[in-house]
Amino acid sequence: MFDLKLIRDNPEEFDRALARRGEDPRAAEILALDEKHRALITEAQTSQARRNEASKLIGKAKAQGNEEEAQALMAEVSGLKDKLTQLEEDARNAGEQLNLLMMHLPNAVYDDVPQGDSEDDNVEVRTWGTPREFDFAPKEHFDLGEAMGLMDFERAAKMSGSRFVILKGGIARLERALGQFMLDLHTREHGYTEVLTPAMVRDTALFGTGQLPKFGEDAFRTTTDHWLIPTSEVTLTNMHSGEILDEETLPLRFTAHSQCFRAEAGSAGRDTRGMIRQHQFEKVEMVSVTTPEQSDDELERMTGCAEEVLKRLELPYRVVKLCTGDIGFSARRTYDIEVWLPGQDKYREISSCSVCGDFQARRLKMRCRPKGEKNTRFVHTLNGSGLAVGRTLIAVLENYQLADGSIRIPEVLKPYMGGLDQIGV
RNA sequence: GGAGAGGUGGCUGAGUGGUCGAAAGCGCUCCCCUGCUAAGGGAGUAUACUGGCAACGGUAUCGAGGGUUCGAAUCCCUUCCUCUCCGCCA
């Protein structure tokens, strides 16, 4: 959500920001509506002021037993009524129309975000690690998993359809180990507070983070009109909605290990084999709530926290800065981390870290107040995966596979695997 | 699921149709007083929008949304949430 004042002050820049996202100019339309809205409010308020004043005089007159004056005033106020009702309704309608329009507009990206149409235009920022040399043809994760009998797509499909998986034995344990490891790292070393949130939310929560109103198709809805969370970014970011936070308490850093549910409506035919793209997956998420001054540095920090997971797992990766065609609705700048998958012979997304500025905070009415000051301002929010657990599992399987199809356990995971150092033997 | 009780400012808690944005207490801030500390006295202390250079105004908000009324924290309806008892249950 944008600040109307900024659009008023600089409509050209606002339209330019929309243009970078491939959106049509909207400033003129918005400002016309805004002007109408405010004019209606002002007019309604003038009438309300007179009504309030007269009503108080009526009370006074009645208290003094001056029935004649009371009657005269009552007649006046009742004459205002129809006009006022109409004005209030018009003002409300204009406000709703304006709000709806604003809710559909994506956040403005930073100047350094590269212009582009698709993920092909993302810019590599850095790489870490060297892809391992194989003296055999490395397999994809689903071949490895199915051969071991520990990854079962067919039986999952029998009960749930496509894009679901059953994990068993060592692979199930590996998935659990990865989630635990990530959570421990972020809570013990990176200063994040562990949180366990609901997996079902109301409309308002998804509006707050930006999934609604535009992207309802991507999420699942229950018969009780709840939504299954597509990421715990939603719940972590919504925690302090409507609150005024003491600025001294910022930044807030939360992490959660949750199930995520995505309809993948627009992804038919993409990544149909394997665990890359599932309707249900596990993710460890990081969310930060910061002051406006802190948010840029926080993005670098958060990305580093996500990278650290891969470093400790000794998985090669690269960091890319998303271009305007690939960046998400609420983000001002996003770094994707892509892990090396030998089976696919390419880097694949495993984390996405974004700074949203005050875009979500405005929707969520989440503010902060500097100590001793009267005025409040909107906080900044950030979110990032640290990491997508299912995809990390894939990366471990593919990078740590041996010629016989078994999997070596990364050093750092051994404590979480009960000392096991290999699966599928 | 059944039956009840509630949702008021940072907190506790008054207020059941009129000068109520809201008593009082607590907390907090500032000032005064005071060898120190403690106690005491005084003033201030919500949010959003809006007008104004400012001083200072206006409007809305007593969970949310509608309604009744000249006027609603107070009455009516809807809805969300919390709590108690019963039932069911991981």
Side-chain angles (χ1 to χ4, degrees), chain A residues 1-9 30-103 196-208 212 221-227 235 238-250 259 358 360-379:
Chain A
M1 189 82 94
F2 287 94
D3 183 357
L4 274 167
K5 277 183 199 147
L6 291 181
I7 306 178
R8 270 179 231 148
D9 292 345
I30 289 167
L31 290 181
L33 246 182
D34 173 47
E35 203 163 310
K36 180 180 162 199
H37 180 223
R38 286 190 299 150
L40 285 166
I41 286 176
T42 304
E43 202 182 339
Q45 288 187 349
T46 309
S47 299
Q48 280 164 347
R50 176 56 196 160
R51 182 201 63 191
N52 291 348
E53 185 187 23
S55 290
K56 281 181 182 174
L57 291 173
I58 291 168
K60 213 180 275 184
K62 289 217 164 185
Q64 291 167 354
N66 190 343
E67 197 57 37
E68 198 178 320
E69 186 180 336
Q71 288 301 329
L73 285 162
M74 280 163 71
E76 182 194 343
V77 179
S78 96
L80 278 174
K81 206 186 159 189
D82 286 345
K83 183 184 166 199
L84 192 52
T85 306
Q86 188 62 47
L87 280 170
E88 281 175 339
E89 193 187 325
D90 290 350
R92 192 170 55 242
N93 287 341
E96 277 170 16
Q97 208 179 329
L98 182 60
N99 192 44
L100 193 67
L101 206 162
M102 298 286 283
M103 288 290 267
L196 199 144
T197 69
M200 300 197 289
V201 296
R202 293 225 190 84
D203 296 349
T204 50
L206 288 174
F207 270 103
L212 288 178
R221 197 158 203 202
T222 70
T223 55
T224 51
D225 284 347
H226 286 95
W227 299 85
T235 44
N238 267 273
M239 275 203 297
H240 292 286
S241 71
E243 298 182 23
I244 298 170
L245 302 164
D246 281 342
E247 224 169 273
E248 300 158 85
T249 66
L250 304 181
Q259 297 286 344
D358 64 6
Q360 293 180 323
R362 285 180 182 281
R363 292 170 163 245
L364 292 162
K365 297 177 179 29
M366 183 155 56
R367 294 179 285 258
C368 62
R369 186 188 342 249
K371 181 159 179 74
E373 285 192 32
K374 189 168 163 32
N375 292 331
T376 60
R377 50 188 190 156
F378 286 103
V379 298

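Reckoned from all heavy atoms, side chains included, excluding hydrogens, waters and symmetry mates. Lettering of chains follows the sequences in order, A, B, ..., and the numbering in each one begins at 1.
- Look at the P atom in both B:G13 and B:G2: the space between them is 30 Å, to the nearest Å.
- Taking atom P on both B:C62 and B:U8, the two are 12 Å apart, rounded to the nearest angstrom.
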So what is the 5' to 3' dot-bracket string for RNA chain B, if pairs are Watson-Crick or G-U wobble with both distances under 3.5 Å, crossing pairs use [ ] and | means the partner sits on another strand? ((((((((.[[[..)..(.....]]]((((((.......))))))((((((....)))))).[[[[[..)....]]]]])))))))....
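- Between the P atom of B:G67 and the CD atom of A:Glu89 lies a distance of 9 Å, rounded to the nearest Å.
- Rounding to the nearest 0.5 Å gives a distance of 14.0 Å between CZ of A:Arg92 and CG of A:Asn99.
- One can place CD1 of A:Ile41 at 16 Å from P of B:A48, the figure rounded to the nearest angstrom.
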Give me, pair by pair, the N or O atoms of the protein and of nucleotides 70-78 of chain B that are less than 3.5 Å apart, along with how far apart they are.
from: B:G71; atom 1: O4'; to: A:Ser55; atom 2: OG; distance (Å): 3.2

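- B:A22 and B:U16: their C1' atoms are spaced 14 Å apart (whole Å).
- Protein atom CE of A:Met102 is 13 Å distant from nucleotide atom P of B:C49, rounded to whole Å.
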Quiz: residues 198-208 of chain A side-chain donor-acceptor pairs under 3.5 angstrom, not counting sequence neighbours:
from: A:Asp203; atom 1: OD1; to: A:Arg221; atom 2: NH2; distance (Å): 2.8
from: A:Asp203; atom 1: OD1; to: A:Trp227; atom 2: NE1; distance (Å): 2.7
from: A:Asp203; atom 1: OD2; to: A:Arg221; atom 2: NH2; distance (Å): 3.4

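- A distance of about 15 Å separates the C1' atoms of B:A48 and B:G9, rounded to the whole Å.
- Taking every side-chain heavy atom of A:Arg369 into account, B:U47 is the closest of B:G51, B:U59, B:U47.
- Contact of the A:Gln48 side chain with the A:Leu87 side chain is not registered, since no non-hydrogen atoms from C-beta on lie closer than 4.5 Å.
- In this structure, of B:U19, B:U50, B:A48, it is B:U19 that holds the atom nearest to the side chain of A:Lys56.
- Between B:G65 and A:Arg92, no contact under 4.0 Å exists linking OP1 or OP2 to a side-chain N or O.
- Residues A:Ala49 and A:Thr376 each lie close to RNA chain B; by heavy-atom proximity, the contact nearer the 5' end of the strand is made by A:Thr376.
- Evaluation of the side-chain hydrogen bond (donor to acceptor under 3.5 Å, both in side chains) rule for A:Glu247 yields A:Arg377 as partners, not counting sequence neighbours.
- The side-chain heavy atoms of A:Met366 and A:Gln360, taken from C-beta on, include no pair separated by under 4.5 Å.
- The nearest whole Å value for the distance from the CE atom in A:Met1 to the P atom in B:C49 is 13 Å.
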Applying side chain to side chain contact (heavy atoms under 4.5 Å, CB included) to A:Thr197 and A:Asn238, what does each step give before you reach the verdict? CA-CA 10 Å; A:Thr197 69; A:Asn238 267 273; over 6 Å; no
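- With sequence neighbours left out, the ring-ring contact (aromatic ring centres under 6.0 Å, His included) criterion links A:Phe2 to A:Phe14.
- Counting non-hydrogen atoms under 4.0 angstrom, A:Arg377 reaches nothing in the nucleic acid.
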Given A:Glu35 and A:Arg8, is the side chain to side chain contact (heavy atoms under 4.5 Å, CB included) satisfied, shown in steps? CA-CA 10 Å; A:Glu35 203 163 310; A:Arg8 270 179 231 148; over 6 Å; no
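- With rounding to whole Å, A:Glu243 atom CD is found 15 Å from B:A46 atom C1'.
- As judged by a 4.0 angstrom heavy-atom cut-off over every strand, A:Arg50 is placed among residues making no nucleic acid contact.
- Set against B:G58, B:A60, B:U47, the side chain of A:Ile244 has B:U47 as its closest nucleotide.
- B:G63 and B:U47 have their C1' atoms separated by 15 Å, with the value rounded to a whole Å.
- In this structure, the NZ atom of A:Lys365 is 15 Å from the C1' atom of B:G63, given to the nearest Å.
- Scored by the side-chain hydrogen bond (donor to acceptor under 3.5 Å, both in side chains) test, A:Glu53 finds A:Arg50 as partners (sequence neighbours excluded).
- Residues A:Glu43 and A:Asp90 are not in side-chain contact: their nearest non-hydrogen atoms beyond the backbone lie 4.5 Å or more apart.
- Comparing the C1' positions of B:U29 and B:G15 gives an interatomic distance of 28 Å, to the nearest angstrom.
- When the P atom of B:A60 is taken as reference, atom CG of A:Leu87 falls 14 Å away, rounded to whole Å.
- B:U84 and B:U74 have their C1' atoms separated by 25 Å, with the value rounded to a whole Å.
- Contacts of A:Thr46 with the nucleic acid, taken as non-hydrogen atoms under 4.0 Å apart, are absent.
- For A:Asp246 (side chain) and A:Glu248 (main-chain N/O), no donor-acceptor pair under 3.5 Å exists by modelled atom type.
- For B:C28 and B:A39, the P atoms lie 11 Å apart once the distance is rounded to whole Å.
- When the C1' atom of B:G51 is taken as reference, atom CD of A:Gln48 falls 15 Å away, rounded to whole Å.
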